[in-house]
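What follows is a short report on a single structure.
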Amino acid sequence: METAVPEGDVSVTGLLIVAASMMPASVYISALLIVLAVFLYDFLEFHFIGYFFRGFMGDPVSLTFNPGSKIYEDIVSKCRVLHGRYLATPWLASPHLQIAFLNFYGRPPVFTYRRQLYSVSDGGTIALDWLLASDVAGSSLAGEMVICEEDTTPIVIVVPGLTSDSSAAYVKHIAFQMAKLGWNVVVENHRGLGGVSITSDCFYNAGWTEDLREVVNNLHEKFSMAPLFAIGTSIGANILVKYLGEEGEKTPLAGAASICSPWDLVVCDRFIRRKLVQRFYDRALTIGLKGYAQLHRPLLTRLANWDGIRKSRSVRDFDNHATCIVGNFETVDTYYRQCNSVSYVGNVSVPLLCISALDDPVCTKEAIPWDECRLNKNIILATTPHGGHLAYFEGITARSIWWVRAVHEFLSALHFSPHMHTQKIKNPDPYPQLDTSIDKTPYINISEDGLVAAMQSDDGSGDEVVPHESNNEQTHDEVRAKESSQLNNLSNRMEREDADSKSSKDDSTTLAKRFMKQLSRHGRKSMWLLVYIAIASSWPLAGSALLFMFRNKLKGYK
């Protein structure tokens, strides 16, 4: 059937409308589907086509480290996973699909933790969930903690992310793999998580390191023979790096790993509210925080603004109405700045592996402290173009997580290397100030002729009194003989001056100061300072009293 075109003037627009009306509907449906596919491919950040044209070779891992780093030279250089490539599961070739798969499915290994309730110093309660190497091997009895205090099996402390606990899929993946390695694993659940009530007026936050500090110190004290390692994920990674920076050389941890840390909370807060897809994650995290708050509503109703919490539509809103009030932060930005781990990177003193994905839709690459990590010889920063947030699924069946294998390999190599960190406590001041405890002062010997001399303590812990002029070749007996001779000369000189009738109040004070000036050259500052104070404060009164009592006798000798 032909369409009749009216004679006369016909506009171009009219012709196009007529032509479009003649095209079948299937053409329009196909075009719409193509446009929608392109939009979704870009919106969901798919990278399947790129993998296809590269033959599914994956992307190389980029390592950032200090050129003089012994950690890289002796440990990371031998790690095949960190020097290989990461290829995401092809049907999960999008950070958003990976995150969705991790949270709704995840394929975690099946096992049962052993729970230990730990009370911290402020009255709070933390659930410590253990997975022992013997549990994976199937050689221990259910419900029994079979770790002895002399056990040298390494212990790994896992710090979960925001609103996550030991039941999270990624936590179970890392716990199971480290236990299969033959290590003991303990998950430090945040306060109020893991099915444990909050028993104090203190909640955890993105920079709360006190709970981790107490757990680490307690484990180190109880299992002093076992090397301690730590793995932090997301907010847990921020807490771990901040703790490492705060402790410096004092931490008993031998090594650590930080996975998908936010690093700079101010930058991440700006980022997560920037685009539509990021605002979706912001909303999802807020729902998780409000669910956490609902579990502890009676306490938060008393300590925070419950109406504001209930109406919160973003993480920032929640922090404004809950975290800042409970934690005594002036503003949300003040809270974020004070809890940033990026400010503590330079003081990290243990071998630390940091892993981040450049397409992480929650913790942006803009916050990664590239230069700070490059300056610190203890830090190795591994970044990949893809991986999402804590996902990193690999293999056609998505049963394996890449960062779990990377951390597994790094900590194993570190454990068998001489670069494990050992706790260092600063030596005490060799010249401490005077203390009020008499047990810490030298013994004082007062002889019949009134001379005051310092003696060593009976246990031999006191320092020897050695003249500054003596050299290292002098023996102990020679030093004592020289000191005795000098003291006798001083005594004879004082007796001659006393016989010449120069024993007035002013003269006696002068003699005491002269004597102390000579004597102070032979001892430690703190010891002779004590002697000087005693004599200088009592000598004028004692001298005056002696002169008054023996004035007549002294006249008889003239």
Side-chain angles (χ1 to χ4, degrees), residues 64 159-164 188 190-191 202-213 216 230-251 253 256-274 278 281-282 285-286 289 314-350 352-358 360-376 378-383 389-390:
T64 302
V159 188
L162 186 68
T163 70
S164 295
E188 183 226 342
H190 301 297
R191 297 188 184 205
C202 183
F203 286 71
Y204 84 97
N205 57 52
W208 182 255
T209 59
E210 293 304 316
D211 291 348
L212 177 60
R213 182 175 289 104
V216 169
I231 302 171
T233 56
S234 191
I235 286 297
N238 188 80
I239 294 173
L240 174 60
V241 174
K242 183 173 180 285
Y243 160 79
L244 293 175
E246 291 172 345
E247 293 295 292
E249 294 282 357
K250 297 184 298 181
T251 178
L253 291 179
S258 164
I259 313 300
C260 297
S261 173
W263 297 108
D264 192 323
L265 301 178
V266 177
V267 174
C268 287
D269 173 62
R270 305 294 189 268
F271 171 77
I272 205 170
R273 294 182 289 127
R274 185 182 301 168
Q278 270 71 48
Y281 285 103
D282 190 16
L285 290 172
T286 305
L289 287 172
S314 67
V315 174
R316 187 180 183 86
D317 289 342
F318 181 90
D319 288 335
N320 183 46
H321 297 297
T323 310
C324 289
I325 298 176
V326 177
N328 293 322
F329 296 101
E330 294 181 356
T331 66
V332 177
D333 282 347
T334 301
Y335 159 55
Y336 291 158
R337 290 190 177 94
Q338 291 185 9
C339 295
N340 282 337
S341 63
V342 69
S343 305
Y344 298 86
V345 172
N347 200 40
V348 173
S349 301
V350 308
L352 174 65
L353 172 65
C354 303
I355 296 177
S356 292
L358 301 184
D360 191 327
V362 179
C363 299
T364 174
K365 62 183 179 182
E366 299 169 11
I368 298 176
W370 306 91
D371 292 339
E372 289 86 346
C373 291
R374 187 178 291 108
L375 286 176
N376 193 323
N378 297 300
I379 297 179
I380 305 296
L381 173 63
T383 55
H389 186 70
L390 298 174

How far does [atom1] of [X] sit from [atom2] of [Y], to the nearest 0.5 angstrom?
X    : Y    : atom1 : atom2 : result
C363 : F271 : SG    : CZ    : 9.0 Å
F329 : N320 : CZ    : CG    : 13.0 Å
K242 : N347 : NZ    : CG    : 12.5 Å
L253 : S349 : CG    : OG    : 11.5 Å
D319 : T331 : CG    : OG1   : 11.0 Å
E372 : I379 : CD    : CD1   : 9.0 Å

Closest contact, heavy atoms only, [X] versus [Y]:
X    : Y    : value
N376 : G346 : ND2-O, 3.5 Å
C268 : P262 : SG-O, 3.2 Å
T209 : I239 : CG2-O, 3.6 Å
L381 : I368 : CD2-CG2, 3.6 Å
P361 : H389 : CD-N, 4.2 Å
L244 : A256 : CD1-CB, 3.9 Å

Using modelled atom types only, decide if a donor and an acceptor are shared between the side chain of [X] and the backbone of [Y] within a distance under 3.5 Å.
X    : Y    : result
Y243 : T251 : no
N238 : C339 : yes
S261 : W263 : yes

With sequence neighbours left out, write down each residue that passes side chain to side chain donor-acceptor pair (under 3.5 Å) with [X], or none if nothing qualifies.
X    : answer
T233 : none
D269 : R273, R316
S356 : none

Does [X] reach the side chain of [Y], with side-chain heavy atoms less than 4.5 Å apart?
X    : Y    : result
N340 : V267 : no
T323 : F203 : no
D317 : T286 : no
N378 : L352 : no
H190 : D211 : no
Y204 : L162 : yes

**Q.** Residue among V362, L390, I235 satisfying side chain to side chain contact (heavy atoms under 4.5 Å, CB included) with C260
**A.**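 Testing C260 for a side chain to side chain contact (heavy atoms under 4.5 Å, CB included) against V362, L390, I235 leaves exactly one candidate, L390.
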Q. Are any of the side-chain nitrogens in E246 or R213 under 4.0 Å away from the carboxylate oxygens of its partner?
A.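 Yes.
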